[in-house]
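Remarks on the structure that follows.
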Amino acid sequence: MNDQGFAEVAVSLPLWKTFTYRVPKGLEGQVELGKRVLIPFHRRKVTGYVIDFPTPLPDSLDPDKVREIIDVLDEIPLFDENMLGLFRWISRYYFYPLGEVIKTGLPPGLTVESCRILEITPRGEAHLAQLQPGGGDRLLLEACRERKELNLPLLSRRLKIRNIHSRIFALKKNGFLTEQVRLKKERTRAKQEAVFAFQEEDKQVKRPGPTPKESEILEFIKSRTRVSRSDVTRRFSRVAPYLRRLVEKGWLSVDFEERYREPFLNEGFGTEKEPELTEDQQVALAEIERSIEAGGYHPYLLHGITGSGKTEVYLRAIKQVMKRGREAIVLVPEISLTPQLISRFKTRFGRVIAVLHSGLSPAERYDQWRRIVRHEVRIVIGARSAIFAPFKKPGIIIVDEEHETSFKQEEKLKYNARDLAVVRAKMDKAVLVLGSATPSMESFFNTLQIGKFQYLRLPRRIESRVLPAVEIVDMRAERDRGRRSVFSQSLKEALLANADRGQQSLLFLNRRGFANFILCTDCGWTFHCPNCSVTLTFHAPGRLLQCHHCGHTAPVPLRCPHCESYNLHPLGIGTQRVEDEIRKLMPSARVARMDRDTTARKGAHWTIVRAMERRKIDVLIGTQMIVKGHDFPSITLVGVICADTILNFPDFRATERTFQLLTQAAGRAGRGDQAGRVIIQTYNPDHYSIQRAKEHDFLGFYQEEIAYREELGYPPFSRLVNLRISGNREDRTEAFAKRLAIVGAETKRRKGVYRDHIELLGPCAAPLARVKGRYRWQLLAKSSRPESLHRFLAEVLARMEKETPGIRLEVDVDPINLM
Ligand code: ADP
Ligand code: ZN
Ligand code: ZN
């Protein structure tokens, strides 16, 4: 038996094992690590990934029983040994099947919807003319001439062509066929857009004068040298015939530029020059550059207050990495992945950037991914999934706003991209920079107390802009004085004064909708979601009740369903209500709102940002979207409507999040030349997260918070793993959770380390006991010894492996969301 003939395959199914397959004659030349293969699996055919080839046949397997690979689906490997190492690490650490991890790491379009496009070449045509009718090659070549997208299994059955794959392989090798992989039904050709420019006058040629409307368009284009069609149409309505006539008359030139299907990439290039670095920036950069030069893994925590110039440091460090021929991965929270940020990178580095974020369609993502694989790209900027960018060996990995919880994926593979950045940087021997104004407790602990990361600091704002003065308004006192308005007296006055000076204000509230809920003031009735254990949020437009977990909506009835009273009143406030109140308070102000309701449409986000920049908005109201990422230079007043919305969350990270959000919100004020002012309204004015945010005192906050974490044994003093059980039947879900807890307790008794160092909390119903109709329970495992915890859980899970119908068991390692 020939040992060269076996491949180890990970199947993209929820299975822990990998499988060995035989490579049949005709496919030997094509099987390679990193390629997808079609394999028989029980009675199905499924996609698998080659993770080892050639591989020795395990002793336990009877060579005669090993099944054969049906087809190789890729021309070039999708991942290399290096990436496989990362995938294996992820699979072990997050208790997730290897095949499913690989699937997560590849662009979605590629795994599900790609198909082969075979095209006959001129040589192939000539060859075809000489072939006898009826032969397999002839049938194949004819089929390729007729149709571009071939369903090979179908074709092979219909035309009865044997060894279809080896035939295609041979035809390609002889240059009779070319093959490409494309997404089904989606065009992956580059898009083109017209770009107009003013034609300088040529004395020899007299051109017909423009009409008044044409002159107007001409002026617009003349003032900005080159203008894309979409920019002109944004400015003028029904402009196409005018543009055509201006081109005909010789006033405009037109040419075409390639457009990637990536909204941000097509925004205009600026011409920003590299600024002179401040001394702080120089010190930080010099340190990072030393590591870039030395090569090898070196991790930094760059702690820079908002507006201290962290991004500038990233840009310079990337430049150095690129000089040395290596690539860069930049992770930013989805919400900060703004056109502003992208255009800043583009201005410096041009087109060698790929942008990856969750708003991309499969075709767009596939475009970006291919650009990376083809080495057209040297820098990848993206939200969490960009950590899987298929660079061979990136030289630097940057995680901006490293404390952001959005780096954690909450569904399926529950990875934290910030943590994976550390792992990947180590594997690829890259420099790692974690940047934040408010580092996470974990990262700061790793820096200060463990010495795992090296500390770099930017303690001052650029151009010595002062941090804004923060004022805390005690809403209890307001209430006691009989004031029940959304705005306290000081915030009201500040808003009006700011508007009088013609300056912009920002109002932040971490809750969308109009009111928190509707209450019957006669019987106390509130409206609950039929699928989730939460109250429904009131949205004023359309008078709708909406569930923010499952999207369930229902109109507000006229009368209380319980006591038939008409006294149904909105209670608690949301961003819609704030908008309402602002319009009442300042009827002439131009007001805009930015939250998930107003930015659902693609590009809506950007329209608001631009209006802000052009000072067409006086007051911007919004959720956390407005306090993260955007750099609005002219805001001089920031109001936090209610700091308690996060603080009162039943989660041990609530305090940390409150401090971070308030600091971020305060950081929005006074970014330009004008000093800023911040007003925080709260019912907990003495809480340290609020007091420390007022003083811009990160270290003070850290010290208080870390003491509290230590006392309760929470991370970073321990690791948590949450075992989440959900099911559509309440009794079965509970029973399963209890069985899991018993297995856990038994396993714990088996070994001394488990007994002494692992704590099991629960099982109990999750705080959100029902979501989308499913009942939820959880069992929390806690330990200060991560390795023992992992070994322990592997044992527990192995003993639970039998599938239970209707029950889902999910493992959340290092959970962020304990709801
Ligand atoms: P951060 O990322 O820390 O919030 P940025 O890098 O965005 O800070 O810098 C804040 C602002 O200051 C930006 O508008 C940036 O262009 C500008 N800036 C950064 N570094 C310098 C510098 N050395 N000189 C002048 N302006 C700078
Ligand atoms: Zn009632
Ligand atoms: Zn719901």
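Residue numbers count from 1 along this sequence. Each ligand, and each atom within it, is numbered from 1 in the order the structure gives. Heavy atoms only: backbone and side chains are in, while hydrogens, waters and symmetry mates are out.
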Q: State the atoms of ligand 1, each with its element, that fall below the 4.0 Å cut-off from a heavy-atom position in E276.
A: 22 (C), 23 (N), 24 (N)

(Q) Under a 4.0 angstrom heavy-atom cut-off, which atoms of ligand 1 come close to L277? (A) 23 (N)

Q) For ligand 1, is R461 a contact, meaning one of its heavy atoms is under 4.0 Å away? A) no

Q) If you measure only the distance, is there a donor-acceptor pair under 3.5 Å linking the side chains of H539 and Q546? A) yes

Q: Among S726, P767, P763, find the residue that satisfies the side chain to side chain contact (heavy atoms under 4.5 Å, CB included) test when tested with Q778.
A: P767

Q: Test T575 against every option in N510, I621, D597 by the side chain to side chain contact (heavy atoms under 4.5 Å, CB included) rule and name the one that passes.
A: I621

Q. Would you say ligand 1 has an N or O under 3.5 Å from any N or O of G307?
A. yes

Q) Would you say ligand 1 has an N or O under 3.5 Å from any N or O of T306? A) no

(Q) Keeping R384 on the side-chain end and L331 on the backbone end, is there a donor-acceptor pair under 3.5 Å? (A) no

Q.
Test salt bridge (charged side-chain N to carboxylate O under 4.0 Å, His left out) on R653 and E705; report intermediate values, then the result.
A. CA-CA 10 Å; R653 286 195 178 86; E705 180 64 14; over 6 Å; no

Q. ring-ring contact (aromatic ring centres under 6.0 Å, His included) with H552: which residues, sequence neighbours excluded?
A. none

Straight-line distance of [X] [atom1] to [Y] [atom2], nearest 0.5 Å:
X: E401; Y: T306; atom1: CD; atom2: OG1; result: 9.5 Å
X: L285; Y: D280; atom1: CG; atom2: CG; result: 12.5 Å
X: I292; Y: H298; atom1: CD1; atom2: NE2; result: 11.0 Å

(Q) Ignoring waters, how many N, O or S atoms from the protein are under 2.8 Å from the Zn ion (ligand 3)? (A) 4

I want to check something: taking the side chain as every heavy atom from C-beta on, are [X] and [Y] in contact at a cut-off of under 4.5 Å?
X: Q703; Y: L699; answer: yes
X: L809; Y: L723; answer: yes
X: C547; Y: V534; answer: yes

So which bit of [X] gets within less than 4.0 Å of ligand 1, heavy atoms only: side chain, backbone, both or neither?
X: R344; value: side chain
X: T311; value: both
X: S308; value: both

Q: Test F444 against every option in F701, Y455, F453 by the ring-ring contact (aromatic ring centres under 6.0 Å, His included) rule and name the one that passes.
A: Y455

(Q) Please give me the protein atoms (N, O or S only) lying under 2.8 Å from the Zn ion (ligand 2), ordered by chain and number. (A) C520 SG, C523 SG, C560 SG, C563 SG

Q: Go through the structure and list residues passing salt bridge (charged side-chain N to carboxylate O under 4.0 Å, His left out) with K319, not counting sequence neighbours.
A: E274

Q | Proximity winner for atom 5 (P) of ligand 1, if only heavy atoms of G667, A437, G309 are counted | A | G309

